[in-house]
A.B. asks: 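Take a look at the following structure, please.
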Amino acid sequence: MHNTAVIKVSIAAVEQLQSISRQTFFESYADRNTAENMQKYLTEVFSIEKLSEELNNPCSEFYFANINKQTIGYLKINYAHAQTELKDEHALEIERIYVLKEFQGKQMGQLLFAKALQLAKERKSTYLWLGVWENNTKAISFYKKCGMIEFDKHIFVLGEDKQMDILMKLEL
Ligand SMILES: CC(C)(COP(=O)(O)OP(=O)(O)OC[C@H]1O[C@@H](n2cnc3c(N)ncnc32)[C@H](O)[C@@H]1OP(=O)(O)O)[C@@H](O)C(=O)NCCC(=O)NCCS
């Protein structure tokens with residue numbers, strides 16, 4: 001039996017967070033983007049400085065998903081002004097939810113999603129929302145399975161490339 005856990009990430013684990021963030025992002029999008037755009041994104045968005053800033057933001061939280069103490073995925077949520085858009089005091093954003101390729105399809109994504117839902121309910125948020133790349137059909141089916149529905153679209157910039165994100169929400 002696998003021993004699974006969802007653990008809040010502390011600033012002391014910033015290097016571990018950088019490593020899982022870069023690996024999961026690379027595995028998810030390297031085949032669909034130019035090497036230059038990927039490199040730029042991995043370097044800038046997942047720098048120790050930027051991740052430390054986010055970990056120190058009282059309105060953002062990161063959680064690791066562990067199997068037998070090995071980190072195989074993570075979640076980033078935002079409240080209030082830390083949200084990338086909307087910035088609604090009554091909402092909670094899932095900014096990132098990533099599982100290593102090797103461990104996908106083993107309900108670890110659902111475990112991280114359940115954590116976000118629990119935190120939203122504890123905060124008495126009225127809805128949970130997120131943006132997902134329109135071509136990420138796998139993640140879109142995952143979110144639909146979690147009960148989320150599409151409500152809008154917005155532009156997401158990856159390197160020099162502008163891509164369309166679908167916004168999805170779950171009313172609580
Ligand atoms: C999206 C993601 C987080 C889902 O995590 P996961 O651990 O693979 O998903 P789970 O095993 O918890 O799957 C939960 C449900 O989602 C659905 N699902 C999962 N993978 C699916 C796929 N490839 N196609 C369709 N539905 C899928 C299934 O219905 C599954 O339910 P089931 O086990 O009852 O069949 C994970 O696949 C991932 O990290 N993907 C790459 C990164 C990414 O795209 N993140 C989202 C960015 S917005």
Side-chain angles (χ1 to χ4, degrees), residues 1-9 16-34 37-42 44-46 50-51 54 60-79 82-87 91-120 125 127-159 161-170:
M1 196 51 192
H2 291 308
N3 189 3
T4 61
V6 175
I7 312 277
K8 189 163 182 195
V9 182
Q16 198 186 341
L17 179 63
Q18 181 185 50
S19 163
I20 188 93
S21 302
R22 285 187 167 160
Q23 190 181 344
T24 50
F25 195 86
F26 187 84
E27 285 183 353
S28 305
Y29 306 115
D31 60 342
R32 291 178 283 189
N33 293 286
T34 65
N37 282 347
M38 279 306 287
Q39 202 46 52
K40 186 169 161 41
Y41 197 89
L42 290 174
E44 290 172 5
V45 175
F46 302 125
K50 188 127 196 318
L51 289 173
E54 293 173 13
S60 293
E61 289 174 20
F62 289 84
Y63 291 84
F64 284 143
N66 291 350
I67 299 183
N68 297 331
K69 302 207 170 135
Q70 182 195 351
T71 296
I72 56 83
Y74 78 103
L75 165 75
K76 181 185 181 202
I77 51 146
N78 299 318
Y79 311 119
Q83 294 171 99
T84 56
E85 280 191 58
L86 309 182
K87 316 226 177 204
L92 183 143
E93 176 189 17
I94 294 182
E95 187 184 347
R96 299 176 198 149
I97 182 163
Y98 284 89
V99 173
L100 287 174
K101 231 182 184 96
E102 193 190 334
F103 294 93
Q104 287 174 13
K106 298 181 194 299
Q107 269 81 54
M108 294 307 286
Q110 254 172 43
L111 201 65
L112 287 169
F113 188 88
K115 183 71 195 181
L117 197 56
Q118 177 207 328
L119 293 163
S125 303
Y127 62 99
L128 193 62
W129 74 276
L130 54 83
V132 53
W133 184 28
E134 64 178 347
N135 292 342
N136 194 349
T137 49
K138 185 175 166 178
I140 293 169
S141 359
F142 168 76
Y143 295 134
K144 283 187 179 155
K145 170 103 186 183
C146 295
M148 303 201 81
I149 54 162
E150 190 177 329
F151 71 97
D152 206 351
K153 291 188 174 198
H154 73 174
I155 302 282
F156 167 81
V157 180
L158 198 148
D161 223 17
K162 288 200 180 78
Q163 304 180 343
M164 187 64 80
D165 267 10
I166 292 174
L167 301 190
M168 300 180 82
K169 70 153 83 169
L170 174 63

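Atoms within each ligand, like the ligands themselves, are counted from 1 in listed order. Throughout, numbering of the chain's residues begins at 1 and tracks the sequence.
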A.B. asks: Do the side chains of Tyr41 and Tyr29 get nearer than 4.5 Å, heavy atoms only?
C.D. replies: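 SC-SC contact between Tyr29 and Tyr41 ruled out.
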
A.B. asks: Name the closest protein heavy atom to atom 34 (O) of ligand 1, giving the residue it belongs to and the distance to 0.1 Å.
C.D. replies: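 Ranked first by proximity to atom 34 (O) of ligand 1 is Lys145 NZ, 3.0 Å.
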
A.B. asks: Ser28 heavy atoms, cut-off 4.0 Å: which ligand 1 atoms fall inside?
C.D. replies: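 Close to Ser28: 41 (C), 42 (C).
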
A.B. asks: Taking the side chain as every heavy atom from C-beta outward, state whether Met38 and Phe25 have any atom pair closer than 4.5 Å.
C.D. replies: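 Yes, side chains in contact.
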
A.B. asks: Short check: is a protein heavy atom less than 4.0 Å from atom 41 (C) of ligand 1?
C.D. replies: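 Yes, at least one protein heavy atom sits under 4.0 Å from atom 41 (C) of ligand 1.
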
A.B. asks: Using the rule given for side chain to side chain contact (heavy atoms under 4.5 Å, CB included), can you reason through Gln107 versus Thr4, listing the C-alpha separation, both sets of side-chain angles and the distance that settles it, and then say yes or no?
C.D. replies: CA-CA 10 Å; Gln107 269 81 54; Thr4 61; over 6 Å; no

A.B. asks: In terms of heavy-atom contacts, does CZ of Phe26 have more than 12 from other residues, nucleotides or ligands at under 6.0 Å?
C.D. replies: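 Count not over threshold, so no.
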
A.B. asks: Is any side-chain heavy atom of Leu119 closer than 4.5 Å to one of Tyr63?
C.D. replies: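 Yes - at least one pair of side-chain heavy atoms lies under 4.5 Å apart.
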
A.B. asks: Closer than 4.0 angstrom, basic N to acidic O: yes or no for Glu54 and Arg96?
C.D. replies: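 Yes, charged N to carboxylate O under 4.0 Å.
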
A.B. asks: Using heavy-atom distances only, which candidate in Phe156, Phe113, Phe142 approaches atom 13 (O) of ligand 1 most closely?
C.D. replies: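 Among Phe156, Phe113, Phe142, the closest heavy atom to atom 13 (O) of ligand 1 comes from Phe142.
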
A.B. asks: Among all protein heavy atoms in this structure, tell me which lies nearest to atom 7 (O) of ligand 1, with the distance rounded to 0.1 Å.
C.D. replies: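 Nearest neighbour among protein heavy atoms for atom 7 (O) of ligand 1, to 0.1 Å: Gly109 N, 2.8 Å.
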
A.B. asks: With side chain to side chain contact (heavy atoms under 4.5 Å, CB included) as the test, would you mind laying out the steps for Tyr98 and Ile20 before giving the verdict?
C.D. replies: CA-CA 9 Å; Tyr98 284 89; Ile20 188 93; over 6 Å; no

A.B. asks: With side chains defined as the heavy atoms from C-beta onward, is the minimum distance between Leu117 and Leu170 less than 4.5 Å?
C.D. replies: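 Yes, side chains in contact.
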
A.B. asks: As an exercise, identify every atom of ligand 1 less than 4.0 angstrom from a heavy atom of Gln107.
C.D. replies: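 This gives 10 (P), 11 (O), 12 (O), 32 (P), 33 (O) as the contact atoms.
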
A.B. asks: Would Tyr79 and Glu61 satisfy side chain to side chain contact (heavy atoms under 4.5 Å, CB included), going step by step from the backbone distance to the final call?
C.D. replies: CA-CA 9 Å; Tyr79 311 119; Glu61 289 174 20; 3.3 Å; yes

A.B. asks: Is there side-chain contact between Gln110 and Lys145, with heavy atoms separated by less than 4.5 Å?
C.D. replies: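 A side-chain contact under 4.5 Å exists here.
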
A.B. asks: Would you kindly specify which portion of Gln110 sits under 4.0 Å from ligand 1, judged on non-hydrogen atoms: side chain, backbone, both or neither?
C.D. replies: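 It is both backbone and side chain that touch ligand 1.
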
A.B. asks: More than 12 non-hydrogen atoms from neighbouring residues, nucleotides or ligands closer than 6.0 Å to NZ on Lys144, yes or no?
C.D. replies: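 No, the 6.0 Å shell around NZ holds no more than 12 heavy atoms from other groups.
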
A.B. asks: Give me the residue, atom name and distance of the protein heavy atom closest to atom 8 (O) of ligand 1.
C.D. replies: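 The closest heavy atom on the protein side is Gly105 N, 2.9 Å.
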
A.B. asks: Just let me know how Arg96 lines up against ligand 1, side chain, backbone, both or neither, with a heavy-atom cut-off below 4.0 Å.
C.D. replies: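 The answer is neither.
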
A.B. asks: Tell me, which protein residue and heavy-atom name are nearest atom 38 (C) of ligand 1, and how many Å apart are they?
C.D. replies: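 Of every protein heavy atom, Gln104 NE2, 3.4 Å lies nearest to atom 38 (C) of ligand 1.
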
A.B. asks: Look at atom 44 (O) of ligand 1 and say which protein heavy atom is nearest, naming residue and atom and giving the distance to 0.1 Å.
C.D. replies: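 Answer for atom 44 (O) of ligand 1: Asn136 ND2, 2.7 Å.
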
A.B. asks: Please report which non-hydrogen protein atom sits nearest to atom 48 (S) of ligand 1, along with the residue it belongs to and the distance in Å to one decimal place.
C.D. replies: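 The closest one turns out to be Tyr143 OH, 3.2 Å.
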
A.B. asks: For ligand 1 and Gly131, I'd like to know whether there is a polar contact (N/O to N/O, distance under 3.5 Å).
C.D. replies: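 No; the residue has no nitrogen or oxygen that sits under 3.5 Å from a nitrogen or oxygen of the ligand.
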
A.B. asks: Please report which non-hydrogen protein atom sits nearest to atom 26 (N) of ligand 1, along with the residue it belongs to and the distance in Å to one decimal place.
C.D. replies: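 The closest heavy atom on the protein side is Ser141 CB, 3.7 Å.
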
A.B. asks: Suppose I only count heavy atoms of Ala139 and a 4.0 Å limit; which atoms of ligand 1 are within that range?
C.D. replies: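 Close to Ala139: 44 (O), 46 (C).
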
A.B. asks: Against ligand 1, does Tyr29 come closer than 4.0 Å with any heavy atom?
C.D. replies: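 True for this residue.
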
A.B. asks: Do any nitrogen or oxygen atoms of Val99 lie less than 3.5 angstrom from nitrogen or oxygen atoms of ligand 1?
C.D. replies: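 Yes: some nitrogen or oxygen of Val99 is under 3.5 Å from one in ligand 1.
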
A.B. asks: Please report which non-hydrogen protein atom sits nearest to atom 21 (C) of ligand 1, along with the residue it belongs to and the distance in Å to one decimal place.
C.D. replies: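 Answer for atom 21 (C) of ligand 1: Lys138 CG, 4.1 Å.
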
